[in-house]
Structure formats: structure tokens, C-alpha cells
Student: 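Pasting a structure below so you can have a look.
In what follows, chains carry the letters A, B, and so on, assigned in the order in which the sequence lines appear, proteins first and then strands, with residues in each chain numbered from 1.
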Protein chains: 2
Amino acid sequence: MRIRHEVVEIDVENKNVKVRNLEENKDFRESWDELLIATGASPIVPEIADINAKGIFALSSLQSGIDVFNYIEKHKPAKAVIIGGGYIGIEMAEAFLDRSMEVSLLDMAPQVMISMDQDMAGIIPSYMEKEGVKVYLEEKLVEFEADEDGKIKSVITDKHHLKADIVILGMGIKPNSELAAAAGIKLGAKDAIHVSKRLETSVPNIWAAGDCAESFHLLTEKQVHIALGTLANKYGQVAGVNISDGNAVFPDVLGTAITKFRDLEISRTGLSEKEAKDLNIEIKTTVIDASTLSGYFPGTGKMSVKLIVEKESGRILGGQIVGASKSAKRIDTIATAITASMTAQHLADLDLAYAPPFSPVWDPVQIAARTL
Amino acid sequence: MRIRHEVVEIDVENKNVKVRNLEENKDFRESWDELLIATGASPIVPEIADINAKGIFALSSLQSGIDVFNYIEKHKPAKAVIIGGGYIGIEMAEAFLDRSMEVSLLDMAPQVMISMDQDMAGIIPSYMEKEGVKVYLEEKLVEFEADEDGKIKSVITDKHHLKADIVILGMGIKPNSELAAAAGIKLGAKDAIHVSKRLETSVPNIWAAGDCAESFHLLTEKQVHIALGTLANKYGQVAGVNISDGNAVFPDVLGTAITKFRDLEISRTGLSEKEAKDLNIEIKTTVIDASTLSGYFPGTGKMSVKLIVEKESGRILGGQIVGASKSAKRIDTIATAITASMTAQHLADLDLAYAPPFSPVWDPVQIAARTL
């Protein structure tokens, strides 16, 4: 059996780490020439009453998914409450609904999917409600209530008292940067480890990669903390090349992301209207409704596309898609156009693929571009 | 009832057209200040024995589709032979197969989909054969044979004698430019009407748009004739703006196209390897196999991506995709990257959307880019 170990200290001066053998609670030191910190991120877990009740789960690792699965198999929960309407919350709502549970989802914000704008995100809760999820917005988690066996019994919010047999915490994540901070390594955006584009930290010979590290936003050149699988994979590659004396640069990010709830697909890239306004960028926006395929083609569905462009230049800054099957992956066209500094006119002029089983004659992202 | 008319002559000198009332066979003249020629294209129909047999169809208009439908309803053909393995041929093979016909498809080339390279197009016939279509390549149509009622009986090729109750001609199209040529208007690529980027012909105040007109290839800046619905739609818009004293430019084209045969999706953009070599461009190419979604996700399928890049600069020149459901529309990412003069490295660096129901962590087009 593999013995579990944990690094408990980084000694920058002497170039070693203190490692704890968790089975025997014994420490030893391991020296390094180059150190890569890839400690990931952890779900945010609020310090409230009965947070440790059985049946409350946060998701981060493969094991945490297996734990939820096993709990369901064993206890057959009937009522699920999900805290948070982000990717995790929405995807878990789908999974629980598919297991015939009564599902409630709550978010303290007036919308789900906080990385999107209200006008687009607003499509999601009504669809979820139609499928059977009870959605509570602008509702804050106050505390939990466990029964005499220590099992979760209710979720208490500022407005309701919700019965629950299982609870998922989808309240966001925080980078695991405490070890780095304790060693004097500089932290940055949202307490992620500050890195250069080559993924060097503030301390020579120490690198950071993945969900614990910062990245640069392609449009603002500001440092951001965006924890996504695509980025984690690229981080690993770039860190590997640079640590082995190569020279690779971590590409700037747009926060391109995609998810779905049953037949509703959801994606976003670049700056939202809200983010652009927070940066005092003067913008124009459009939201259009189109069909996913040619209108007369069997299986066609509805989709909405939002584009955000810089007012004066017309340069595309962001896009959001919510719609039926085959809609959301079109966000890649927008992400590519943003990276290439294209304007809405450039996007409308692109020679994209059309045939009735795939798209209307004008691809919906181009229909949006044309209205600008 | 609407009376059918046809323009039979363009008088450039006197700025009028001679119009024939086809019901009464009477001519009259209609004058113009600005003239738009939008005569479209026609299917190529070879002059061979029994070409006029009942049951032989070429497809161009909505009506020609209705004619095929009505013929099938009335005569219940059992054996269909399709001449030509392009978009029309492949799509009609699917439609006939779905009506339980015995379907044969022949092409004089050693491959179907001549706008793609043999290595990618080669995936298609074996899939079609598996679904039940008999595919004959490097086989030339010689003549037809009709029965005593004038109905199609057989298709005679240079190698076989194929029984047929219905025949589709999918042998390509030619621009309807005779009227323009007769008026002294200059023709260009493949006898399409030569136009500027504003869609002016060689004669002042005469414009041409749609399948009868040329366009500029984005990569070669050479004039080409590509007849596709997306372009026809843009042609109309640009011509409309310019004729009404506006100033619009017809965007350069990449020949981006997409089709499918049952669950096999097919798309292409930019230059094929063959086209690049014909232009004496030094290139590198790659073909990769990937899964359409995360490998473990239900419903994932196989897809192949080919990229063609300029050898020295790494600039992307073309892409081709053949694969399962949800694969081919990714060609839009490649088309956008080509338009933006991106290299394979730029493509690999893009922040594209990933979630298991949509894509592997690295989008297949990026997997291809990385191998370069």
C-alpha cells in the first residue's frame, strides 16, 4: 500500500521541503534544485453550524465524486440541496435530477453562472425549473442542521428552511497557496501564486502551475485566477518545458468555459459586459436569438448569442452562448476571433461552415456580429 | 398565375434587357440604370446516350428536389445510381438509403469529395459501404440505357453495367454566364463572371452576384469559383449595398464547407495539400485521430483532423475533418485561425472551451496543431 505523504514546509534558503509521513506522523526533508508547486485549489467551505454533518459534500477530486456516489447508494437521499449556481452546482443538479431526487439549488447572487451577464444567465434558471429543479436566487446560506446521528437534516437560509438528505457545496474554490505564502513566495490575484508568463514564482528556481497559480488575461493583461482543466493541462506542459531548460510561455487566457444542464448548453469567453464596465471600457453589446441548425431541419433548436465589443474600435471583447444541443461549442469561433483582435465586421465576414444539419446560412455568432 | 419570363439578351449600349414572355413567346425590353446578374449555376449534364431518359435527375432548385420526391412516390424505384461523389452525391446517397433503396455511387476520381485530400476523403467510402452503399471509384460514366417506355434502365460505365431505376447527376456545376458573355462581359475562373471585390463586372453599372460570379481566395488572392450558400447570401448583401451607392466589399473566401453521411461528418477549409502543392507552396501536414468528447464520456466518437501549414512560417493554410457527431463544425475554429494568419502554435495556444460532454481537454484541432 502506498503511504500518504504531505509537504508541510518549503525551505527556500536550503532548497528543501519538509515532508510528513501521514501514517506514522514522521517528518523528513527532501532537497531540490528546481521546485514545482502544483498544489491545486480547494472548494470553499464556510465555517457555519453543522458544516461537518454527514451528507455534506464539496467536490474537488475524483475521490470526492466517488464519496458522493457511495453515499447515494447507501442512504438513498430523496432531497438534495445545492449551494451555488456555478459549473459544479449546475452539473450536480443535473446528476441528482437524473437520479430522481428532489433538487433545490440556491445562490446568493441574483443569477446563476456569475461569470456571465444577467441577461444570458437568466435563461438558465427558468429552464432548470421547467426540468424540475427549485432555484432560489438572492438567497444566502446561514447554517446547516444535523439530526441526532449527525446526518444533514436541513439547510437554513436567510429566507427558507429547506429539508435536505444530501448537500453539495459549489461555492467556488480558493487556490492552495498557504505553503507558498509561508515560504515567502509572493501571492497575487485572489491569493493565487504570482507567476511570470514562464511560470516562475517570485523565488528563483521555484515554479507554480495549475489551479494554485495566476495567469494573464489576454484582453486586460491583468493577472487573474481562473481554474479550468484546459489551463491546468497547458500549465503542466509549459512548466515542464521551462524546468527542463526549455523556453515556453503560458498563453494568455480568456476564461473560455462551457457546461450544460440536460439539453441546455452554456458557454462564455472573454470579458462579460459586467467585467468590461468594471474596467471602465466603453462597450456596445448585442443579444440575438437564432436557430442552431437551418430553421426547417429536424432537430433544430433555439440559441441565444451575446457579443460584447469595444465601442470605438468594434473589437470583440467577449461572447456568451445559451441554447439547445450543438450551440455552445461555437464559443470557440468567438474565442479565436478575440485572440486575433477581430472586430464584429471581421467576424461577420468569416467564411464559416454551413449545411442545414449544422447551422443556419449565417452562423448564429455571425448573426450577432452583423447586428453590431 | 404568374407568367414565366426569361431574360434572353443584355444590351449594354442601350442599357436594357430583352425579356421573353415564355407562355406567349413574346419579347419586350426593360431598361436599367444598374443591372445585377444573379443567374446562378446549373448542374453539369453530359451529352451522352439516353441522357433524357425518365428517372435521371440533376439537382439545382427546390423544384428539382420536389421532382425527385414525386418520382419516387410514383415509381417506387428500388435501385438508385448516383454519378459523382461530391456534396450532392453523398447527401442523395443518404436520402435514398433512408428510403431503403439499393444505392450505388460512382466517381471517375480515385476518391470522393474532390475538394479534400485522398487521406481524409478515403475514410468516407468505407463508411458508406458499411452502411450499405456500393461505391465505385475511378469509374467513368459512358452512357445510359432507357427501356421501351423511355425510363432509365441501366448506367453503363467503363467497367460495369449497373441496373438503375433512378439516377442522380452530381457531376458538379457550371456558372450560368452565357448571357453575360454574349453581352461582352468578361468571364474569369471556370467561366464565372469576373467581378471586383465590390462585385462590379467589366462593364460599368453591371454587377454580378451569387453562383454565377467569381470570388477571391483569401490565401492566394487568386480568383476562384466556389458555389456555396453562405457565399451566395453574402454576395446578395454586398451587391445590394453597392448598387444603392454604399460601399461594401465581398469578403475573401476559404471554401469552407461541411456535409454529412448518416453519423459521419465531413468538413474542409482553406487549401488542401493537393491545392497547396499545385501552387508550389512548401508545406507540412499532419493527420491525427482523437475523440469527439472526453474519451470516457457516453456518446464519444472518433474523429480525424488534418492540418496543412506553410513549411517555413508555420502559418495554417487548410484543415479537413472527418468524424462522428459533433466533430465537423470545429472547422470554423480553423477557418477563423487561417483568416487571422495564425500559425499552428497560435492555434495550439488558443483558450478553447472544454467540458467532458463537449470535447477532450485539448480540442482535436489543437491536438493536430501541437503535432506540428
Student: Tell me, for Ala232(B) versus chain A, whether the close heavy atoms (under 4.5 Å) come from the side chain, the backbone, both or neither.
Tutor: neither
Student: Please answer whether the main-chain N or O of Ala353(A) pairs with a side-chain N or O of Asp332(B) as donor and acceptor at a distance below 3.5 Å.
Tutor: yes
Student: Using heavy-atom distances under 4.5 Å, tell me whether Leu218(B) contacts chain A through its side chain, its backbone, both, or neither.
Tutor: neither
Student: For the pair Arg262(A) and Asp98(A), evaluate salt bridge (charged side-chain N to carboxylate O under 4.0 Å, His left out) and give the outcome as yes or no after the intermediate values.
Tutor: CA-CA 9 Å; Arg262(A) 293 207 162 162; Asp98(A) 288 349; 2.7 Å; yes
Student: Only pairs of heavy atoms separated by less than 4.5 Å count here; which of Ile331(B), Thr259(B), Ile334(B) has the most with chain A?
Tutor: Thr259(B)
Student: Chain A: which of Ile338(B), Val253(B), Thr230(B), Leu254(B) shares the most heavy-atom pairs with it under 4.5 Å?
Tutor: Thr230(B)
Student: Considering only heavy atoms and a distance below 4.5 Å, find which of His346(A), Glu265(A), Lys326(A), Arg268(A) pairs most often with chain B.
Tutor: Glu265(A)
Student: Report yes or no: does Ser291(A) contribute a side-chain atom to a donor-acceptor pair with the main-chain N or O of Leu293(A) at less than 3.5 Å?
Tutor: yes
Student: Can you pull out the residues in residues 361-372 of chain A with any heavy atom less than 4.5 Å from chain B?
Tutor: Val361(A), Trp362(A), Asp363(A), Gln366(A), Arg370(A)
Student: Decide if atom CG of Asn233(B) counts as having more than 12 heavy atoms of other residues, nucleotides or ligands within a radius under 6.0 Å.
Tutor: yes
Student: Examine distances only and state if a side-chain atom of Arg198(A) and a backbone atom of Asn247(A) form a donor-acceptor pair shorter than 3.5 Å.
Tutor: no
Student: Classify the side-chain pair Gln320(A)/Ser272(A) by whether it contains a donor and acceptor separated by less than 3.5 Å.
Tutor: no
Student: Looking only at heavy atoms and a cut-off of under 4.5 Å, which of Thr336(A), Thr333(A), Asp351(A) has the most pairs with chain B?
Tutor: Asp351(A)
Student: Under 6.0 Å from the six-membered ring centre of Phe358(B) and within 45° of its axis: does the NZ or CZ of Lys260(A) meet both?
Tutor: no
Student: What pairs with Phe250(B) under ring-ring contact (aromatic ring centres under 6.0 Å, His included), at least two apart in sequence or on another chain?
Tutor: Tyr235(B)
